[in-house]
Amino acid sequence: MSPVTAEPHPKNNRKFNKKMRLVMKEQDKGKKKGSLLKIKVEHFNFFYDTTRALKDIEMQIYANTVVGIIGPSGCGKSTFLRCFNRMNDIIRNVRYQGEIYIDDRNIFDKSVDVVDLRRNVGMVFQKSNPFPKSIFENVAYGLKINGVRDKDFITQKVEKSLKDAVIWDEVKDRLHKSAFALSGGQQQRLCIARALAIEPEVLLLDEPASALDPIATSKIEELIHELKKKYTIIIVTHNMQQAARVSDYTAFIMLGELIEYEETNKIFTNPSKKITEDYVTGRFG
Amino acid sequence: MKKNKIQEILGFNILRLCTGFVLLFLIIIFWDIATKGIGSVNWEFLTAAPSKGMTEGGIFPAIVGTFLVTVITAVLAIPLGMACAIYLNEYAKDGTLIRLIRMSIRNLSGVPSIVYGLFGVVLFVQLIKIDTSILAAGLTLGLMTLPWTITASEEALKSVPKSYREGSLALGATKWQTIRTNVLPYSIPGMLTGTILGLARAAGETAPILFTGAAFFLPFLPKSLSDQFMALPYHLYIMSTQHHDIARVRPLAYGTALVLVSLVFCMNFIAIVLRYKLRKVRLE
Ligand SMILES: Nc1ncnc2c1ncn2[C@@H]1O[C@H](COP(=O)(O)OP(=O)(O)O)[C@@H](O)[C@H]1O
Ligand SMILES: [Mg+2]
């Protein structure tokens, strides 16, 4: 915190603050990552009908960090992830309790338009789900439904998104061919490009590499490293090594409860709970 | 191991026999109609009106009538059926009322066509006073086809993977945008397939048009939708049971039957082609 306090009026100078944050991030690489609070989860419960799938979760997520969510299957990882863009709204008879703040705004507030929320919080699903359209149309889809008509802008944006998702070189010669002809790993990166095209601030990834071979997986992991410069990322994974590789913070969930949420390093080397240790060392799960 | 093998061969052949049996009947019926009807089907038969107390001439007015009525049926049943299906499948919340509506639709598709005919008379002719006409008959057939259209359209909507919808919603699309751009384009061929099958059935129905607008004999073509009309199935019914000289017009009746059956086959064929195209698009 010392560089900030050294300045006379740091709190009133937002531009300065932003700059300092960048500086700090450079300095503290690997230690305290990002200092801007992006997401805050408070006393959060989630119910499928009468079943309580998430129990009293408390969590704080900083901007430009990658948070990994691990836990045995069925513990509520996907359910939790789908709360951040309120994807669970489309399931019948579900109920939220508690708050999730993104940029200090409660996403369950009545004034929040869920369509706007989803524009801001992108999601990539476990099973890659390209639309039966061309590669170009897949990426342009989000722009078009959000009212972008400028053809040049769309073309540029599609190219940029595909480059950001590190798939441009593989598809640039067949942009107008069906997305279904791509391999699994390519399809998943296409889905990431599709999510990036509308410039969300938060990116939710639900086991994005679970169906992929090791090479495709490592590509996705590199991509996540790149993406966190611009986005705040929450990634669900059942693969412990993957969580250790890509995430700055790791949350361990069991039976809907957040058991431990710490810097990734600590979770994997020196967890404070016995059960976390048992899980990350593979003694169960 | 050996016993299983024998059982399998036996079971398989029994199934094959059943299929063959059904197919045999279809072939016999079509063969019968085709061989006895082909003699009377010629250019004149298809383009001329019946003459000399329907003992000579053709069936042109009946072809035109059936065509027009089917168009009205389609105009009512396709948009309304699709809209109902979209509402039921995409918007309606599962509740007692919706379940009741669904059940009614299923039941309606099993109601005998004569009941639709009588209902059409009461509703369109007596109550709304459209008079017996192409319009009244077409609307009656439309009502009869609706349950089929709705059910087929709902099935088509259901066959669009959930992941398309979720993917679209997650990109900030509204529900209607999602349906319009990412559900309907992939379900419309399926919807049309079911609808055409329903229309083919409607085109061959006699009972619903019997009281609502079909005429025994008209010397001229209908000039507007509020005119009465001749229709193929009704003409066939008359030629084979109501005519004063049934034995003499038998070949003409067979000819009419051949034309009607061919028409229905054609429509079903179009539906099959559509479905095939749809599958191909899906797999690409
Ligand atoms: N649509 C649903 N309706 C009811 N229960 C569900 C639904 N989806 C998931 N669940 C239940 O919620 C729990 C958490 O599921 P999920 O979040 O998918 O787990 P994970 O992603 O960690 O494997 C499981 O017990 C699951 O059976
Ligand atoms: Mg899951």
Side-chain angles (χ1 to χ4, degrees), chain A residues 78 81-82 84-93 113-134 137-148 161 177-181 187 190-200 202-206, chain B residues 85-102 153-193 274-284:
Chain A
S78 298
L81 198 70
R82 290 163 60 97
F84 291 98
N85 65 347
R86 287 180 51 183
M87 214 54 202
N88 287 321
D89 284 18
I90 63 173
I91 302 171
R92 281 176 187 145
N93 299 325
D113 182 358
V114 67
V115 168
D116 288 336
L117 173 71
R118 288 181 190 149
R119 262 171 226 164
N120 207 23
V121 182
M123 179 164 220
V124 175
F125 297 83
Q126 175 167 1
K127 198 167 163 290
S128 61
N129 60 343
F131 303 137
K133 304 176 192 289
S134 71
E137 285 302 326
N138 260 280
V139 185
Y141 183 82
L143 297 168
K144 286 186 176 166
I145 53 152
N146 285 307
V148 180
S161 308
K177 297 265 164 62
S178 168
F180 283 9
Q187 285 190 6
L190 177 69
C191 291
I192 294 176
R194 191 173 71 187
L196 298 183
I198 54 168
E199 299 186 350
V202 179
L203 203 55
L204 309 172
L205 307 169
D206 193 350
Chain B
I86 291 172
Y87 174 74
L88 284 175
N89 198 56
E90 308 289 330
Y91 285 96
K93 296 224 158 61
D94 220 16
T96 321
L97 182 68
I98 294 300
R99 238 170 280 161
L100 213 68
I101 292 177
R102 276 223 173 83
S153 300
E154 257 203 283
E155 293 308 318
L157 286 170
K158 284 206 175 80
S159 76
V160 176
K162 204 172 99 202
S163 63
Y164 294 3
R165 289 169 229 256
E166 290 199 335
S168 170
L169 290 173
L171 288 168
T174 61
K175 198 160 183 173
W176 175 237
Q177 279 177 324
T178 300
I179 294 170
R180 193 165 45 84
T181 59
N182 231 343
V183 176
L184 283 184
Y186 314 122
S187 52
I188 277 184
M191 289 176 160
L192 286 181
T193 305
L274 255 175
R275 188 160 53 197
Y276 173 75
K277 282 235 163 101
L278 165 82
R279 285 217 186 113
K280 236 175 82 180
V281 169
R282 276 280 163 70
L283 292 177
E284 261 165 21

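In what follows, every heavy atom counts, from backbone to side chain, and hydrogens, waters and symmetry copies are set aside. Naming: A, B, ... by sequence-line order, numbering from 1 per chain.
Between A170(B) and M87(A), the shortest heavy-atom contact is N-CE, 3.9 Å. Of all heavy-atom pairs spanning Y164(B) and F131(A), the tightest one is O-CE2, 3.4 Å. Shortest non-hydrogen contact noted between F125(A) and G167(B) is CE1-CA, 3.9 Å. Taking each heavy atom of L171(B) and Y141(A) in turn, the nearest pair found is CD1-CD2, 3.7 Å. Nearest approach of T181(B) to K133(A), heavy atoms of both residues: O-NZ, 3.2 Å. The shortest non-hydrogen separation linking R92(A) to K93(B) is NH2-CA, 4.2 Å.
Contacts of F84(A) classified as ring pair (Phe, Tyr, Trp, His ring centres under 6.0 Å), with partners at least two apart in sequence or in another chain: F80(A).
Within a 6.0 Å sphere centred on NZ of K158(B), heavy atoms belonging to other residues, nucleotides or ligands number more than 12.
Per-residue heavy-atom pair counts under 4.5 Å with chain A were compared for D94(B), T174(B), L169(B), and the maximum is reached by L169(B).
Residue R86(A): no heavy atom, backbone or side chain, is found under 4.5 Å from chain B. Proximity to chain B is limited to the backbone of P130(A), based on heavy atoms less than 4.5 angstrom apart.
Taking OG from S168(B) and CZ from R194(A), the interatomic distance works out to 8.5 Å, rounded to the nearest 0.5 Å. The CG atom of N146(A) sits 7.0 Å away from the CD atom of Q177(B) when rounded to the nearest 0.5 Å.
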